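What you are looking at is a predicted structure, and each value in this text was computed from that prediction instead of being measured. Every chain is numbered from 1 and lettered A, B, ... according to where its sequence line falls, protein lines coming before strand lines. Just so it is clear, the values below take in all heavy atoms, side chains as well, and ignore hydrogens, waters and symmetry mates.
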Amino acid sequence: MKNKVVYAVVALLTGLSYLSVRHVIIAQGPTDTHIVVSSLTLNYVLFALLVGALVPTITRKLFPKRFKTMLAPVAVTAGVLLVLTLRALGVEMRF
Amino acid sequence: MARLAKIPVAFWVFLVAAVYYVALSAKTWSWVFVSSDSGDWLMTSNWFVVPQPYGSPLYVLLMRLLGTFPGDTVIWATILLSCLPSAVTVMLVYLIVKRLTNRHGIASASAAVLLGAAVFLTQSTILEEYALATMLLALSFWFYLKEHRYRAALCWGLGTAVHVFILGAVLFWLIVEWRSYLKPLLLITLPIAGVFYAYILLLMYLDTPRLLAGGLNMYSLQQYLTVTGGAIVGQLSLFEAPKRLLLTSRLLLMSFGLALVPLTRALHKPVTKSTAVALGVVVWTLWYQITCLDPLSWTFITYASPFVAILVGVGLSRLSILHLRYVAASALALVIVNCAFLNANVLTNREPWATNYYEALQQLPDNSVVLCMPGAHSLGLYYAMSEGKNLIPLIFPYIGHGEEDWGFDDYRDWLNRTYGLALDDDFDTLTAVTYLKLQGYEVYFASTPTKQSNVRRCLELGDTEWLQIKRVTGLTGLGPEPYISKVPL
């Protein structure tokens with residue numbers, strides 16, 4: 001029963017997607033008239049997520065016996081290093 | 001009947017896919033499915049010339065070869081370099097999944113999933129380079145499974161020579177298999193790709209038309225390599241991210257339908273090395289598409305499509321037959337629906353923008369100046385020129401506009417030398433228009449009438465009988481709109 005519900009929902013989403021995105025595919029050029037450009041790109045966010053995902057692994061490697069206590073300090077250090085790296089790469093940040 | 005039964009199933013899979021793609025393919029020059037680059041490829045079938053970055057040397061050499069044969073290059077190139085390679089890819093997906101799961105039904109369903117994949121279909125039925133490069137990537141995966149490392153590396157090299165994007169996929173591949181594949185990469189892939197890309201350098205060195213690149217020097221090379229890639233790759237702003245993620249999700253749903261459900265099962269443990277490699281290619285492709293500033297980058301999902309179909313097969317092998325039935329039914333439904341809604345031939349005949357533009361260009365007086373933006377119209381103009389039409393291309397903003405100067409080095413010199421003009425070094429495009437009109441040249445502006453153009457507001461346009469080409473009667477005094485508006489963050 002659960003499977004049938006999942007497939008039914010995905011089928012519905014497929015139909016909706018097909019109807020809503022077909023015009024983008026069949027177009028003979030860009031359909032977007034305006035695109036916002038910024039030095040704060042999605043790539044930096046993905047980079048931050050990657051660093052965040054690596055924090056537990058790094059902590060486990062560096063402090064195998066004090067993982068729980070050192071997780072937060074390592075995360076903060078990684079965050080600071082990330083911000084410094086992004087600034088060095090030229091990303092303007094305002095907080 | 002007994003003879004027919006002896007023919008391998010893989011061949012029938014290829015045949016069905018080939019007939020399907022050829023039937024749906026555009027039979028005339030087309031811009032549907034955002035295939036505006038086709039003008040560039042067609043130009044290379046007539047001329048030895050540097051195409052758009054990053055050169056695609058193997059593809060342009062094949063186009064040049066096709067151009068030497070009699071017959072309609074558009075049809076032959078579409079069939080031989082798009083439809084048939086894609087049919088081979090569908091067959092390879094069948095063979096790969098059969099090898100991974102040892103189940104004929106699942107292999108057939110996976111092949112059907114790829115056949116019904118919308119984005120893959122779009123690039124299989126038009127004149128573009130994606131289908132051939134994807135086939136070589138899928139073929140390398142087949143050789144990888146058979147542990148033919150050097151053959152796989154050969155396919156990487158040839159694939160990279162068709163489209164440089166393949167090299168990125170290979171690097172992701174190496175994250176999993178660097179120990180056994182580093183040597184083949186260094187000995188086979190890079191030298192082969194290097195030899196082909198040397199052809200582009202040779203074209204830059206020779207006295208070829210300077211339409212998309214300058215001569216062979218560091219400045220031109222730097223411009224050629226960064227003017228497009230540096231401006232779009234990984235440059236999507238955070239503000240555009242939600243819209244892009246939504247678009248990607250919808251494209252994946254539209255392409256794979258119910259097959260996305262078993263795909264998730266393929267990622268459950270244990271994850272084999274081959275699954276990790278396939279996943280690496282998908283991740284690389286999706287990263288590119290999601291973070292690329294170019295709104296047309298969705299076409300790159302083509303590269304991920306066979307690997308998604310393979311992962312679907314792996315996922316199905318871990319699920320009950322009920323799932324197989326759902327996925328097969330969904331794939332067949334998409335195959336049929338796509339016949340009606342994504343038929344390149346029907347769509348091209350309904351809105352023949354490319355051929356209408358080509359015919360209008362042919363009717364312009366010889367030695368007319370055609371002003372246009374880079375893209376479909378400039379590449380189409382080059383194609384018409386390569387077919388023998390005598391026109392002068394003035395591409396905005398290839399000559400000086402301050403920070404927005406895209407100026408392919410030598411473009412202005414080439415215009416002056418080839419057409420006997422005297423465009424001064426400090427002329428920008430609009431000054432050049434004024435100068436050329438004073439010199440007695442007819443100047444025309446080419447663009448899609450329904451779309452905004454950065455330079456259009458600078459021009460006073462007269463009436464003509466053509467929809468996409470208007471005579472320039474004067475200048476309005478307004479400056480061109482900036483290319484990009486930056487958010488101050």
Side-chain angles (χ1 to χ4, degrees), chain A residues 1-54 57 79 82-95, chain B residues 30-36 118-119 122 234-241 243-245 247 249-258 260-261 287 290-291 293-296 298 319-320 322-323 326-327 330 333-334 337 341-342 344 347 351 353-354 375-376 448 451-452 484-489:
Chain A
M1 185 60 193
K2 187 186 159 195
N3 284 334
K4 283 186 181 173
V5 172
V6 170
Y7 277 111
V9 169
V10 176
L12 183 65
L13 290 173
T14 302
L16 290 173
S17 300
Y18 206 106
L19 294 172
S20 65
V21 87
R22 179 177 168 265
H23 75 282
V24 176
I25 281 198
I26 65 170
Q28 305 201 22
T31 47
D32 271 342
T33 51
H34 185 70
I35 192 160
V36 177
V37 178
S38 161
S39 58
L40 188 59
T41 65
L42 177 60
N43 249 346
Y44 293 121
V45 177
L46 295 177
F47 184 42
L49 289 174
L50 185 65
V51 170
L54 288 176
T57 312
L82 175 67
V83 170
L84 291 174
T85 311
L86 293 179
R87 289 181 76 104
L89 289 170
V91 181
E92 294 170 37
M93 291 184 179
R94 292 171 190 180
F95 296 101
Chain B
S30 173
W31 286 341
V32 292
F33 307 144
V34 295
S35 59
S36 52
V119 172
T122 63
Q235 296 298 314
L236 190 80
S237 77
L238 198 56
F239 308 97
E240 290 286 338
K243 205 161 73 173
R244 180 62 60 85
L245 287 169
L247 174 68
S249 307
R250 286 187 297 166
L251 287 167
L252 291 175
L253 274 164
M254 177 194 189
S255 289
F256 300 106
L258 300 189
L260 291 175
V261 178
W287 169 80
I290 288 170
T291 64
L293 189 63
D294 181 6
L296 308 182
W298 60 262
L319 292 166
S320 68
L322 190 69
H323 294 263
Y326 286 148
V327 169
S330 156
L334 286 173
V337 168
F341 295 112
L342 295 178
L347 291 166
E351 286 188 332
W353 285 98
T448 307
K451 287 188 183 130
Q452 201 176 357
I484 346 175
S485 53
K486 279 207 165 197
V487 170
L489 261 174

Enquirer: Examine distances only and state if a side-chain atom of A:Q28 and a backbone atom of B:S35 form a donor-acceptor pair shorter than 3.5 Å.
Expert: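 No; judged by distance alone, with no hydrogens or angles, the pair does not exist.
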
Enquirer: Quick check on B:I290 against chain A: is it the side chain, the backbone, both or neither that has a heavy atom closer than 4.5 Å?
Expert: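 Both parts, backbone and side chain.
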
Enquirer: Working to the nearest 0.5 angstrom, can you tell me the gap between B:S320 OG and A:N3 CG?
Expert: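 If I round to the nearest 0.5 Å, the distance is 7.0 Å.
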
Enquirer: Using every non-hydrogen atom in the two residues, find where B:A118 and A:I25 come nearest and quote the distance to one decimal.
Expert: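 Result for this residue pair: CB-CD1, 4.5 Å.
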
Enquirer: Can you tell if the side chain of A:T14 reaches within under 4.5 Å of the side chain of B:F256, non-hydrogen atoms only?
Expert: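 The answer is no, as the side chains (C-beta and beyond) never meet within the 4.5 Å cut-off.
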
Enquirer: Between A:I26 and B:L347, is any pair of side-chain heavy atoms under 4.5 Å apart?
Expert: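 Answer yes - side chains close enough.
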
Enquirer: Mind checking ring-ring contact (aromatic ring centres under 6.0 Å, His included) for B:F33 and listing every partner two or more places apart, or none if nothing turns up?
Expert: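 Not a single residue meets the ring-ring contact (aromatic ring centres under 6.0 Å, His included) criterion with B:F33.
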
Enquirer: Counting only heavy atoms closer than 4.5 Å, note whether A:L46 contacts chain B via side chain, backbone, both or neither.
Expert: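 Only the side chain of A:L46 comes within 4.5 Å of chain B.
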
Enquirer: Nearest heavy-atom pair of B:M254 and A:R22: which atoms, and what distance?
Expert: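 Distance-wise, the nearest heavy atoms are CE-CA, 4.1 Å.
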
Enquirer: Testing the basics here: between A:Y7 and B:V327, what is the closest heavy-atom pair and its distance to 0.1 Å?
Expert: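 That would be OH-CG2, 4.3 Å.
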
Enquirer: Measure distances from B:S330 to the heavy atoms of chain A and classify the residue's part below 4.5 Å as side chain, backbone, both or neither.
Expert: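 Neither part; nothing is under 4.5 Å.
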
Enquirer: Measure the shortest side-chain to side-chain distance between A:L42 and B:Q235 over non-hydrogen atoms and say whether it is less than 4.5 angstrom.
Expert: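 When only atoms from C-beta onward are counted, B:Q235 and A:L42 do not touch, as no gap falls below 4.5 Å.
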
Enquirer: Any heavy-atom pair between the side chains of A:T41 and B:L238 that's under 4.5 Å?
Expert: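 Heavy-atom side-chain distance check fails, nothing below 4.5 Å.
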
Enquirer: Does some side-chain heavy atom of A:Y18 sit less than 4.5 Å from a side-chain heavy atom of B:L342?
Expert: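 SC-SC contact between B:L342 and A:Y18 confirmed.
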
Enquirer: CG of A:N43 to OG1 of B:T291: how many Å apart, nearest 0.5 Å?
Expert: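 The CG atom of A:N43 sits 4.5 Å away from the OG1 atom of B:T291.
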
Enquirer: Name all residues meeting the side-chain contact (heavy atoms from CB on, under 4.5 Å) criterion together with B:S36; count only those two or more places apart in sequence or in a different chain, and write none if there are none.
Expert: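 Listed in chain order: B:W31, B:A376.
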
